[in-house]
Each structure stands twice: as C-alpha cells, then as structure tokens.
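Each chain gets a letter, A, B and so on, in the order the sequences are listed, and its residues count up from 1.
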Amino acid sequence: MWAFQFPQTPQLHSHFYTNSAARLPPKPPPIFSVAVNPTTTSSPSNNNKLIQSLCKQGNLKQALEVLSNEPNPTQHTYELLLLSCSHHNSLSDAENVHCHLVDNGFDQDPFLATKLINMYTHLDSIDHARQVFDKTRRRTIYVWNALFRALTLAGCGEEVLDLYRQMNRSGMGSDRFSYTYVLKACVSSYGVVSLLKHGKEIHASILRHGYDRIVHIMTTLIDMYARFGCVTYASFVFNEMAVKNVVSWSAMIACYARNGMAFEALELFHEMMTETQDSSPNSVTMVSVLQACAALAALEQGKLIHGYILRRGLDSILPVVSALVTMYARCGKLELSQRVFDQMDKRDVVSWNSLISSYGVHGFGQKAIQIFKEMIYHGVSPSSISFVSVLGACSHAGLIEEGKMLFQSMRKEHMIGPSVEHYACMVDLLGRANKLEEAAKIIEDMRIEPGPKVWGSLLGSCRIHCNVELAERASKRLFELEPTNAGNYVLLADVYAAANMWDEVKSVKKLLEARGLQKVPGRSWIEVKRKMYSFVSVDEFNPQAEQLHALLIKLSTEMKEKGYVPQTKVVLYDLDTQEKERIVLGHSEKLAVAFGLINTSKGETIRITKNLRLCEDCHSFTKFISKFGNKEILVRDVNRFHHFHDGVCSCGDYW
DNA sequence: TTAGGGTTAG
C-alpha cells in the first residue's frame, strides 16, 4: 500500500475496509492537497455534517461508523475527528482516522498535518508526529511549530535546535511561536550537554528581529534563564521589558524563589503589589511566593500571605493549598499544615504528597506511611513523587524495613519504575543506618545510570559513619559527574578530617581551590517580630555580635559543667583542641540561638533555619540549651527539622 | 490552527 502506514498496527484498517475491494488498486500519492482535494468543489454532504455534529457531542464511536460510509469527508470533518481522538485519548482510533485521511488524498494538507502532529503529541506518540512531519512536503510555519512543540514536550531539545537551524536554512523565518518553543527546547533537553549557549544565541536573534516587545517571548526567556540558574540575565530581561503582565512578574518571582533568592522573591512580590495597578497577583504568583516563605521559614510573612489568599478567594485552588501545606510545615507549624489539609474540599495527589513530605521532614516516618496508605484508601494513586516523599520519610526516621517494602511495592503494586531519586532515597536509608555495603550493592544492581544524587547519598552516609574507602569511591564518581559542586569536596574532606588524615584533607582543599570553587559558608537565620535576621559564622557587621559571642562563651562554660563536650571533628584544620572549640562556638546556628535567647520572650519557641546540615557540635550544644535554658528550639537544616526540648532532639540523634 | 509563569522530593 502506498499510503501512510504505521509499524505495529496490523488491525489498522479493519474498521474501514469493509469495501476494500472497491478501493484497489491504490491511488498514486497526490502532490498538492488543494489540487486533489476531492471535496473542495462540492458542498459537505449530510454525512459530513452528521460526523461533525457527533464529534462535537463527543460521540466518536458513532462518528467513525458514519465515516466508514462517507466517500468524501471534508478537511473540517477530519479536523474534528482528530480533535475528538485527542479528547478520547484513543491512539487506535487516531491511527484509523489518519489512514482514512491519507486514503482520501489529504496527506499533503499542511493544515491537517498540523492537526495530526498536535493530536499525536497529545497521545504521547512522538514517532508518529515525526513521521507526519517527514512526509509533509509543504511545511508551513504551523507544521514546523507543531513539531517543535511535540519534541520540546518530549524532552528532545537538541533535536528541536537542529530542526530550527534546518528551518532557517530553508528560508522559512521564525515567528513568535517558533521562538517560544525553541527557547523552551533549550531547557527541555534530556541530554547532558547544556543548551544555554544556544538559548543566548536565540535571545540575540529575538533582539535582531525586533521580537523583544512580545511579552510571551520575553517571559519565556526569563523562564529559560531561570531554569539555567542565570538570575542576572533573567532580571536583566525583566527590567528591560517595556510592558509587563502578571505572567512576567510571576516568572521573575519564581526565578528568585527557585534559585535560592527567597528574599528577592518576596521583595519583588511587594513591588508588584505596590507598583502595578493592572497586574494583580494570581494563584500562580502565590505559589512561588509561598515557596519563598517556606524557604526562609518566614512564618509571619507566610501567615500574612495566607490572609491575602483568603481575601482574594484563591484558597480553593489546589496548587495554592498544597503550597500552603508545605509552607506551614517548612516553617515548623506541622499542626497548621494538617489543619489546612483537613479543610480542603477536594484533594489531588500533590496535596497528599505535600502532607506526606511535611510529616517526613519533621521525622514522623510512621505517620507519613499512614497518610500514604490513607491516600490509596481514598482512591488516589500514588505518583512517583509520593514514593520519593514516603521513602524520604522512612529515611529520616530510620524505618529501614518499611522503606524496603515500599520500594518493592513500587513496581509490583503500582507499576512505577524507580527513578534515580528513589534509588537515592534507598541508598540514603541504608547508608544512614550504617548498612553501607548494602547501599553500595543497590547502586551496583541499578538498572539505570546512577546519577550524582545516588553517589551523593552514599558519600553523605560515608561521612556520618567515617568510611574512608567507600567515600573515596563515591567522590571519584561525583568529581567526574559534577566537578563544580563544592559540597562533595567538603564531604570528602570531612571524612578525612574525622580519620585524622590531614594530608588528604589538604589535597582535597587544594583540588577545590584549583577548580576555583569555594565552600558554601554556613548561614542561619531567625524571624523575630516579623523581621528576618541572618548570621554567618564570622559576622563582624552585626551590632549584637559582640554581645552574642560573650553570651556563647558564658553558655559554653556553663554547659561544660553540665556535661557538654564540644565536638570538634567537624573542623577541617589541623589545630589544637582549644582553637577548634573556638571555631565551632562561632558557628552561625549558635549565633542564631544566642540571638533568639536574648530577643524572645519566656515560653516563646526559638525558630532557626540553616542552609547546610546541622553539625554534631551545634546539635549537642542546642540540646543542652533546651534543657538548662528551659527553651523550646526548632531548627530546620537543609534536610529536616530538629525539635529540641528538655535536652532531647526529635531526630533521636539520627540525621 | 500554535504561545508565556506555579504544585509535591532531594
């Protein structure tokens, strides 16, 4: 048969070929659709009208039956049929309509080619979309754009860029739609090569062709730079925009929020509220703003934002409510997360995942598992992220057997293949529990390539349990996979320092320097009376610093009398014990604790956030303060929460 | 005929 044919579709024509004998021999392929279109000269038959009406009513089955008796379907009839196949998510019907269309001489119609590509994109059949494109000789800008969209959604960014160059060579210029798809393609690549360079070239082309006044394109550009972590470029584009709307503001706020610049995100939000009259924030804006509050653990800010959401009636929008659940949990108010969740009329898998991870990050592993089961009981199927959340919760709580069983159930019961993230959770779970060999075995047996997250989990566990040999193995891979991540070098140096291997510590530090990298400085912050105060280990600019240091020396002396022994193995310098003690006493979280002791009233909980993992010494020191200073102290480190109360931490010293 | 920002984890 000359007509378009798909592989693996043996029953393809059975539905339509009841009169197949009358159709043979096959017609030669038409060259130009308009010239051979059998219906351009005649008005649509009654059958055509009936098919169109059935499609509009959503009755695809009957529409297809009528189609089998209609010798002259029109372009519009096919258009509605293809749309209907998309709505019904039916690939087999789609293929049948496609074959029918080809048999009736429409295979070179660029309008229908566009519709076919869009339909196959919707049905996740990228190969089919590509075949339609390849067979279409007259490629309008719509046809090109449809394929760009298809490939971008499928993560084939590099292929889009190749085609884009091909399109330009063919003399076809880009329009505003091509630019948005191609910019998105730069960040949608599954390949390992960064396409940022290409994104910048496209940016230049946009400027050359005067498309920089199109808000859609400039917003996509902001988003592209945001996803590459190029905040300066993104804010430059944003500031240069002559006209901004709610989407461009939201894109810039999201850019700050996801790139560790939560202060800036909140600042920009306030600017948006005060400086714009016609761009009032919407639900999407609020999600990013809540993310920023969560990142900073800015509870008071978060509560104000919650009030605004209620006043604006945005509290029924699921992503907003899920972001509220997460915000309260990350601000240390788990009970408020639960309350917000309980008040939801409708919940989706994201809402459940938010609650599961909320309990997880606070160390309530069993509760997280219970919620996971409740979710399934309520008929909501777990997603891949549900498993990341619940496995993470098991890891924080040391629930090894439960974690293993859940991991097994992924494939068996829920048909979800484990991804790199799930393996990383399992390695973390076993590694933390000092089952390092078992963790290494998991990596060996992985069916997919273990990425930096997996090796990073193993290295983190080696640091906790001081396993030099395995740490060297993991870091060797990590230095290849992500040579610019300073954290990995620091972890390896930590392992060497704990083993008193000072020459090795020195050489890791040299490697770090040679590669132009720096250790991320420890930073802690605290919200007191709606204001945020930030501390770094050596903070000469804080007017209270002297007072804070004096208080810390006094507290340290007192706590030593009560049994506190400074843990100095975290110091990466070969110094004497006294010097090491001085260094750990200046850690940012201790400064924040001291600030909290001075500036909070009796009975008020101290809430601190830290950008790195809490060190052993600060952990031990804070336990003593909670007992002898009679203070509740809540610390959120980069991984989880620590509730210090009466000399005990909720993590059970397992973090 | 086609388009831009957000949702959970690590």
Side-chain angles (χ1 to χ4, degrees), chain A residues 75-76 79 82-83 109-119 121 140-150 152 175-184 214-224 226-227 234 238 244-255 257-258 279 281-291 294 314 317-327 329 348-358 360-361 382-393 395-396 419-425 427-428 451-454 456-457 460 638-640:
Chain A
Q75 185 195 53
H76 186 50
E79 181 196 359
L82 296 176
L83 209 60
D109 182 335
F111 177 89
L112 286 179
T114 308
K115 296 291 169 189
L116 277 164
I117 295 172
N118 289 340
M119 175 189 71
T121 307
T140 60
I141 190 70
Y142 292 100
V143 176
W144 282 101
N145 288 346
L147 189 70
F148 290 162
R149 177 171 171 266
T152 297
D175 69 356
R176 59 182 66 188
F177 296 96
S178 327
Y179 277 124
T180 51
Y181 293 134
V182 176
L183 285 173
K184 273 180 160 292
I214 309 287
V215 182
H216 275 81
I217 295 181
M218 299 323 272
T219 307
T220 315
L221 203 48
I222 291 172
D223 187 56
M224 181 198 77
R227 285 171 202 270
F238 179 75
K244 299 181 181 97
N245 64 16
V246 59
V247 185
S248 15
W249 281 94
S250 305
M252 195 59 225
I253 291 171
C255 170
R258 69 157 55 142
S279 293
N282 63 15
S283 66
V284 180
T285 327
M286 298 324 295
V287 170
S288 293
V289 172
L290 287 171
Q291 251 187 320
L314 300 171
I317 294 169
L318 284 180
V320 174
V321 191
S322 300
L324 273 171
V325 170
T326 304
M327 182 275 291
D348 63 2
V349 67
V350 177
S351 341
W352 285 97
N353 291 351
S354 299
L355 194 67
I356 293 167
S357 56
S358 295
V361 83
S383 67
S384 174
I385 290 177
S386 311
F387 281 99
V388 179
S389 310
V390 75
L391 289 173
S395 183
H396 287 312
S419 70
V420 175
E421 281 78 10
H422 302 108
Y423 283 108
C425 284
V427 169
D428 192 60
K453 285 174 191 173
V454 176
S457 290
V638 71
N639 291 324
R640 59 164 298 153

- Query: Counting any heavy atom closer than 4.0 Å, what does A/V215 reach on the DNA or RNA strands: base, sugar-phosphate only, or nothing?
  - Reply: base

- Message: Under 4.0 Å, heavy atoms only, any strand: does A/D428 hit a base, just the sugar-phosphate, or nothing?
- Response: nothing

- Query: Base, sugar-phosphate, or nothing for A/R640, non-hydrogen atoms under 4.0 angstrom?
  - Reply: nothing

- Message: Less than 4.5 Å apart, side chain to side chain, heavy atoms only: is that true for A/F148 and A/S178?
- Response: yes

- Determine the contact category for A/N282: base if any of its heavy atoms lies under 4.0 Å from a base atom, sugar-phosphate if only primed atoms, P, OP1 or OP2 are that close, otherwise nothing. base

- Minimum side-chain heavy-atom gap A/P382-A/F387 below 4.5 Å: yes

- Does a side chain donor of either A/S383 or A/S386 reach within less than 3.5 Å of an acceptor in the other side chain? yes

- Query: Reckon A/E79 touches a base, only the sugar-phosphate, or nothing at all at heavy-atom distances under 4.0 Å?
  - Reply: nothing

- Message: Using a 4.0 Å heavy-atom cut-off, does A/T285 contact any base of the nucleic acid, only the sugar-phosphate backbone, or nothing at all?
- Response: base

- Query: Quick one: does A/V289's side chain get under 4.5 Å of A/P281's, heavy atoms only?
  - Reply: no

- Note on the structure: Sorted by chain and number, sequence neighbours left out, side-chain hydrogen bond (donor to acceptor under 3.5 Å, both in side chains) with A/H216 holds for none

- From A/L221 atom CG to A/S248 atom OG, the distance as rounded to the nearest 0.5 Å: 12.0 Å

- Task: Walk along DNA chain B from 5' to 3' and tell me the first and last nucleotide with an atom closer than 4.0 Å to a non-hydrogen atom of chain A.
- Result: B/dT1 to B/dG10

- Name the nucleic acid region contacted by A/S283, choosing base, sugar-phosphate or nothing; use a 4.0 angstrom heavy-atom cut-off, strictly under. base

- So what does A/A254 touch, heavy atoms closer than 4.0 Å: a base, only the sugar-phosphate, or nothing? sugar-phosphate

- Message: Does A/D223 reach a base, just sugar-phosphate, or nothing at all? Heavy atoms under 4.0 Å.
- Response: sugar-phosphate

- Query: Are A/N245 and A/S279 linked by a side-chain donor-acceptor pair shorter than 3.5 Å?
  - Reply: no

- Task: For A/S322, answer base if it contacts any base atom (sugar-phosphate contacts may also be present), sugar-phosphate if it contacts only those atoms, and nothing otherwise; contact means non-hydrogen atoms under 4.0 Å.
- Result: nothing

- Message: Taking any heavy-atom pair under 4.0 Å as a contact, classify A/V361: base, sugar-phosphate, or nothing.
- Response: nothing

